[in-house]
Visitor: 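Pasting in a structure now, in structure tokens, and then I'll have a few things to ask.
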Amino acid sequence: MTPPPPDGSELPAQRPTEPATPVRTRVVLAEIAAPRHGGDPADPAAVQDVLLRGLVRAQLALALRLAVVVLVGLGSLPLLFSLAPSFGEVRIAGFRLPWLLLGFLAYPFLIGVGVAFVRLADRNETDFAALQRREHRLSAALHRDAGGDRR
């Protein structure tokens with residue numbers, strides 16, 4: 001044991017060193033994201049972001065709609081043949097109807113849906129490009145008018 005210091009004060013008790021606990025930080029994603037309101041509504045980056053999100057949503061909606069068309073169109077055929085077996089016995093050009101529909105005619109149907117998807121997706125992108133050009137002209141006009149007279 002060590003003797004007390006001559007001035008009569010006690011040494012503080014030494015505790016074993018403990019690892020420092022990390023400070024916890026709460027991250028709220030809404031605070032990190034760009035503000036949705038209160039910012040400059042004519043900010044080209046914000047407008048571009050909104051337009052791009054609209055394009056992605058339109059493309060997703062189109063894909064989901066056409067997926068439903070394929071699922072209903074092709075998925076209902078086995079159900080039809082199991083519920084009404086008389087349709088399965090129909091012969092056309094020597095082929096039974098299920099083989100004809102599911103084995104041969106399904107492929108042109110899928111190709112047609114694919115062509116429709118490409119055309120409609122292209123139309124969505126064309127509309128997006130037109131909105132971009134319109135927004136660009138509008139923001140250029142606003143910036144040009146900001147320096148001069150507004151009437």
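All heavy atoms count here, side chains included; hydrogens, waters and symmetry mates do not.
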Visitor: Would L101 and F109 satisfy side chain to side chain contact (heavy atoms under 4.5 Å, CB included), going step by step from the backbone distance to the final call?
Guide: CA-CA 10 Å; L101 291 177; F109 173 70; over 6 Å; no
Visitor: Honestly curious: do V56 and F117 fall in one hydrophobic cluster under the side-chain, below-4.5 Å linking rule?
Guide: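 V56 and F117: separate clusters.
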Visitor: If I take atom CD1 from residue I92 and atom CZ from residue F104, how far apart are they, to the nearest 0.5 angstrom?
Guide: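 That separation rounds to 12.5 Å.
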Visitor: Just how far is it from atom CZ of R134 to atom CG of D127, taken to the nearest 0.5 Å?
Guide: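 Those atoms lie 11.5 Å apart.
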Visitor: Stepwise, does the side chain to side chain contact (heavy atoms under 4.5 Å, CB included) test hold for R91 with L97?
Guide: CA-CA 6 Å; R91 290 189 174 268; L97 189 59; over 6 Å; no
Visitor: Going by side-chain contact (heavy atoms from CB on, under 4.5 Å), L66 matches just one of L64, V68, L62, V70. Which one?
Guide: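 Among L64, V68, L62, V70, the one that satisfies the side-chain contact (heavy atoms from CB on, under 4.5 Å) with L66 is L62.
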Visitor: Considering only heavy atoms from C-beta outward, does the side chain of L52 approach that of F128 to under 4.5 Å?
Guide: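 L52 reaches F128 side chain to side chain.
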Visitor: So L100 and V90, do their side chains get closer than 4.5 Å, heavy atoms only?
Guide: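 Counting from C-beta outward, V90 and L100 never come under 4.5 Å.
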Visitor: Only one of Q132, E135, R53 passes side chain to side chain donor-acceptor pair (under 3.5 Å) with Q48; say which it is.
Guide: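 The residue from Q132, E135, R53 that satisfies side chain to side chain donor-acceptor pair (under 3.5 Å) with Q48 turns out to be Q132.
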Visitor: In this structure, are over 12 heavy atoms from other groups packed under 6.0 Å from F95 atom CZ?
Guide: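 No, because the 6.0 Å sphere around CZ of F95 holds 12 heavy atoms or fewer from other groups.
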Visitor: How about F87: does its CZ atom have over 12 heavy atoms from other parts shown lying under 6.0 Å from it?
Guide: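 Counting other residues, nucleotides and ligands, CZ of F87 stays at 12 neighbours or fewer.
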Visitor: Taking the side chain as every heavy atom from C-beta outward, state whether E125 and L55 have any atom pair closer than 4.5 Å.
Guide: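 Sidechains of L55 and E125: in contact.
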Visitor: Where is the tightest heavy-atom contact between L74 and L102, given as atom of each residue plus distance?
Guide: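 Closest heavy-atom pair between L74 and L102: O-CD2, 4.3 Å.
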Visitor: Are L105 and L77 grouped together when hydrophobic residues (ILVMFWY) are joined by side-chain heavy atoms under 4.5 angstrom apart?
Guide: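 Yes, it is one cluster - the side chains of L105 and L77 are joined through contacts under 4.5 Å.
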